[in-house]
Amino acid sequence: MYEFVRGPLALIAFIIFFAGSIYRIAYMLKGAKKDKIVFSHMSWKHSLASLVHWLIPFNNQYMRRRPIFTVVTFAFHICLVIGPLLLLGHVMLIQESWNISWWTLSETLVDWMTVVVIAGAAFFLYRRLSDPVVKNVTDSSDYILLAITVLPFITGFVAYHQLFAYKTMLIIHILAGEIMLIAIPFTRLSHMLFFAFTRTYYGSESGLVRHSKDW
Amino acid sequence: MKPTVVKRDLVEDYAIDEGVKKLTPERIEKVVNDVIDNETAGRLWTYLNTCIHCGLCAEACQWYISNDRDVSYAPVTKVKDTIWPMIEKKGKVDAEFIKRAAVISFTECSVCRRCGMYCPFGIDIAYMLLMVRRICARLDMVPLYLQDTVHSHAATMNQMWVKPDEWIDTLQWQEEEAQGYVPTSRIPLEKEGAEIMYSVIGPEPKFLAQLLGNISVIMKVADQDWTMPAYAGWDNSNMAMYSGDFEVMARVERLHHETAQRLKVKKIVMGECGHAFRGAEYDGPTWLGWMSPPIPLIHAIEFYEELLRTGRIKIAKKIEGPVTVQDPCNVVRNRGLGDKLRYIMNAVCEDFVDVSPNKRFNYCCNAGGGVINCGPPWKKKRVEGNRIKAEQLKRTGAHTVVTPCHNCHSGIEDIVDTFKLGMHVKFFSELLIEAMDIPANLKA
Ligand code: HEM
Ligand code: SF4
Ligand code: SF4
Ligand code: SF4
């Protein structure tokens with residue numbers, strides 16, 4: 001079982017993730033082309049300005065007005081993306097399989113980052129249950145997406161600390177990670193892929209066409 | 001997803017109430033799918049696949065804040081209750097659903113684009129709600145008063161059923177009024193090759209004719225080479241843009257720009273109106289496939305800023321006492337004229353008091369986006385749904401609020417009345433006329 005999820009299944013998950021992402025971005029670009037104005041409204045300068053204001057914490061009025069949320073979401077996303085990528089265990093597995101490797105962070109640090117992701121997810125879950133606006137636009141898919149996001153981290157944490165059933169936990173952890181990878185292109189987790197595009201389009205339209213700003 | 005719980009007073013709108021009876025499931029399905037498949041593309045699809053349902057856009061909306069944070073007014077809710085199910089069910093929604101979608105998109109959102117600045121992804125909710133309006137328009141589910149203005153555009157090429165002779169008569173009458181101040185004032189018609197074509201919105205000759213007299217005086221004092229069209233094409237307003245009847249919208253915009261070309265002017269200067277500017281500068285050209293209008297278009301704020309900055313117009317006596325301003329979304333948030341607006345306000349007012357939030361963060365007046373044009377049946381909800389605007393204006397302590405936009409003007413007047421703010425609501429040109437220096441050689 002372990003051999004299977006760690007070997008062929010992992011390969012399949014990566015292929016689906018990369019191919020799926022390319023497919024979805026290509027599909028979006030095709031639509032954007034049909035949406036005649038999109039490309040002519042794009043501008044590098046205003047795209048960049050928009051990204052600078054929305055990717056740096058507290059660099060727009062809105063984030064300054066919601067300090068707690070801003071801190072949580074940045075911590076959550078940074079740990080979520082960087083943690084798994086720079087974890088020694090993951091890099092070793094990749095080196096074993098494909099003979100490529102890169103720089104890693106200390107295991108304790110990544111362990112803490114995992115805790116941050118789990119805490120962030122708990123915060124999002126709490127908002128989803130308590131904030132009337134969010135609650136009203138929530139359906140089962142939102143909980144499922146949150147679960148898909150956080151499960152690899154919970155299981156990874158349990159497995160790393162060998163709290164119980166190490167071998168089974170490890171298999172579940174790998175499976176959860178693979179589900180997440182596969183889900184990213186095909187669910188609203190694709191916001192990871194589309195963020196750069198929606199943001200730069202809005203920035204460009206606001207700046208180039210409307211002579212204003214979007215932050 | 002469960003439908004949102006909505007509490008609203010019952011409003012009767014003949015067009016909507018009768019229109020809904022004529023809807024059939026087949027017709028709804030056909031129109032919804034046709035619009036979604038053939039008239040929207042990249043943006044709508046990407047927005048739907050990106051929105052993470054985080055609700056961060058809620059705090060942007062003046063409707064939501066003013067209605068004690070009633071979730072049914074939150075921007076994302078308006079999308080959830082309209083376009084999401086239409087797409088999810090592939091157009092298989094019922095007539096009551098379309099009715100609610102029409103009410104939301106026409107009377108509970110002024111497509112002001114404030115929420116776009118609050119969404120971390122920059123999702124343009126106003127664009128999505130305009131697509132909902134488009135679907136409603138093609139299903140003949142447009143509020144009665146709004147549809148009437150669209151019929152007027154289609155039949156007369158102006159918004160207010162102004163007849164050709166009424167237009168000329170009004171201009172003559174206002175020319176005479178202007179000559180009471182400055183005897184050499186003129187309203188030059190059809191002057192080919194003039195520097196400027198001045199265009200106004202349909203309601204000016206209908207209800208606010210003195211503004212035409214004012215501009216005649218201002219143009220004389222500033223010594224401008226200008227003209228106005230004598231024929232259809234003089235109206236720069238465009239309610240079809242807001243009703244979702246984009247074919248009529250395009251006809252109106254095309255005629256307006258072609259009139260400027262016919263008159264061979266260097267630029268079009270338009271009166272103080274926000275939506276007209278949006279239609280002529282952005283929505284119209286976009287639909288027509290132009291990156292920008294063929295002849296440059298200048299909003300009154302920019303025009304006055306230039307006249308004041310270059311000393312073409314000098315101020316004799318500034319307006320006394322605290323005066324504040326309404327930043328119209330369509331020329332400030334959506335055109336970046338906030339600083340120029342402040343320049344001209346400071347130039348004519350002794351004590352200009354800014355609003356907070358201001359410039360592109362200003363709250364919409366709730367009248368824009370065609371909401372006020374939906375008429376009396378929807379007025380109560382529109383005005384009461386903008387308490388936050390009343391509070392914002394009250395905080396300034398001003399005796400007058402300047403609204404360089406016709407919709408804002410009417411909307412703010414309603415708010416001032418309803419919330420008993422005791423303020424005057426004025427166009428900038430009205431202050432300018434009072435404050436400017438009329439050189440001795442021009443005086444009566
Ligand atoms: C690296 C690029 C990414 C960017 C720029 C990004 C951006 C965002 C933004 C702007 C939000 C909106 C609300 C908020 O600020 O929290 C959000 C929410 C969220 N993101 Fe991401 N994201 C990225 C990657 C990911 C990935 C890879 C995942 C998981 C697989 C993920 C999971 C989530 C979840 C679960 C939420 C929802 C929170 C809620 O339930 O309200 N994100 N993201
Ligand atoms: S009224 Fe303005 S802020 Fe509110 S939903 Fe519409 S566009 Fe967004
Ligand atoms: S802020 Fe943006 S992503 Fe969040 S609910 Fe609103 S539209 Fe969707
Ligand atoms: S009427 Fe004025 S404030 Fe309201 S949407 Fe138009 S420009 Fe904005």
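Given the structure is predicted, the values throughout are model-derived calculations rather than measurements. Every chain is numbered from 1, with letters handed out A, B, ... down the list of sequences. The figures that follow rest on heavy atoms only: side chains count, while hydrogens, waters and symmetry mates do not.
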Query raised in the report: Quick one: what part of B/V79 sits under 4.5 Å from any heavy atom of chain A, side chain, backbone, both or neither?
Result: neither

**Report entry** Test item: side-chain donor near acceptor, A/D214 and A/H53, under 3.5 Å
**Finding:** no

Query raised in the report: A/R24 versus chain B, heavy atoms under 4.5 Å apart: side chain, backbone, both or neither?
Result: both

Query raised in the report: Looking at B/C51, B/G338, B/P357, B/G122, which makes the most heavy-atom pairs under 4.5 Å with chain A?
Result: B/G122

**Report entry** Short side-chain donor-acceptor distance under 3.5 Å, B/N38 and B/D34
**Finding:** yes

Requested in this report: Would you check if there is a donor-acceptor pair between the side chains of B/Y118 and B/R114 at a distance under 3.5 Å?
Outcome: yes

Report summary line: When the 4.5 angstrom heavy-atom criterion is applied to A/K30 and chain B, the contacting part is neither

Query raised in the report: Of the backbone (N, CA, C, O) and the side chain (C-beta and beyond), which part of B/Y282 lies under 4.5 Å from a heavy atom of chain A, both, or neither?
Result: side chain

Query raised in the report: Would you call B/D68 and B/R387 a salt bridge, taking side-chain N to carboxylate O under 4.0 Å as the test?
Result: yes

**Report entry** Part of B/R113 lying under 4.5 Å from any heavy atom of chain A
**Finding:** both

Report summary line: Cut-off 4.5 Å, heavy atoms of chain B, and the answer for A/F124 is neither

Report summary line: Counting heavy-atom pairs under 4.5 Å with chain A, the top scorer among B/A60, B/S292, B/C119 is B/C119

**Report entry** Minimum side-chain heavy-atom gap B/L288-B/R254 below 4.5 Å
**Finding:** yes

Query - Choice from B/N334, B/L337, B/T4 maximising heavy atom contacts with chain A below 4.5 Å - result: B/N334

Report task. Mind ranking B/P120, B/P3, B/S72 by heavy-atom pairs under 4.5 Å with chain A and telling me who comes out on top? Result -> B/P120

Query raised in the report: At their closest point, which heavy atom of A/P67 faces which heavy atom of A/F58, and how far apart are they?
Result: CA-CE2, 3.7 Å

Query raised in the report: Is it the side chain or the backbone of A/V38 that comes within 4.5 Å of chain B heavy atoms, both, or neither?
Result: side chain

Query - SB check B/E59 A/R66 (cutoff 4.0 Å) - result: no

**Report entry** Salt-bridge present (A/K36, B/E39; N to O < 4.0 Å)
**Finding:** no

Requested in this report: Could you give me the CA-CA distance, side-chain angles and deciding distance for A/T198 and B/F121, then say whether side chain to side chain contact (heavy atoms under 4.5 Å, CB included) is met?
Outcome: CA-CA 6 Å; A/T198 52; B/F121 297 103; 3.7 Å; yes

Query raised in the report: Just checking, is any N or O donor in the side chain of A/S212 or B/R360 under 3.5 Å from an acceptor N or O on the other one?
Result: no

Query raised in the report: Quick one: what part of A/K34 sits under 4.5 Å from any heavy atom of chain B, side chain, backbone, both or neither?
Result: both

Query raised in the report: Side chain, backbone, both or neither: which part of A/F197 has a heavy atom under 4.5 Å from chain B?
Result: neither

**Report entry** Proximal component of A/I25, with respect to chain B [non-hydrogen, under 4.5 Å]
**Finding:** neither

Query raised in the report: Side chain, backbone, both or neither: which part of B/M291 has a non-hydrogen atom closer than 4.5 Å to chain A?
Result: side chain

Report summary line: Comparing A/N136, A/D139, A/L145 against chain B, the one with the most heavy-atom pairs below 4.5 Å turns out to be A/N136

Requested in this report: Quick one: which of B/L44, B/V76, B/L56 has the most heavy-atom pairs under 4.5 Å with chain A, could you say?
Outcome: B/L56

Query - Atom pair CZ (B/R43) and CD (A/E205), whose distance is rounded to the nearest 0.5 Å - result: 6.5 Å

Requested in this report: Examine whether an atom of A/D131 lies under 4.5 Å from a heavy atom of chain B, and if so say whether it belongs to the side chain, the backbone or both; otherwise answer neither.
Outcome: neither

Report task. For the residue pair A/S50 and A/R199, confirm or rule out a side-chain donor-acceptor distance under 3.5 Å. Result -> yes

Query - Atom group of B/Y127 that falls short of 4.5 Å from chain A, counting heavy atoms - result: side chain

Requested in this report: Check whether A/W54 gets within reach of chain B through its side chain, its backbone, both or neither, counting any heavy atom under 4.5 Å.
Outcome: side chain

Requested in this report: For the pair B/K359 and B/D327, find out whether any cationic side-chain nitrogen is under 4.0 Å from an anionic carboxylate oxygen.
Outcome: no

Report task. Specify which of B/V5, B/T286, B/D81 makes the most heavy-atom pairs with chain A at under 4.5 Å. Result -> B/T286

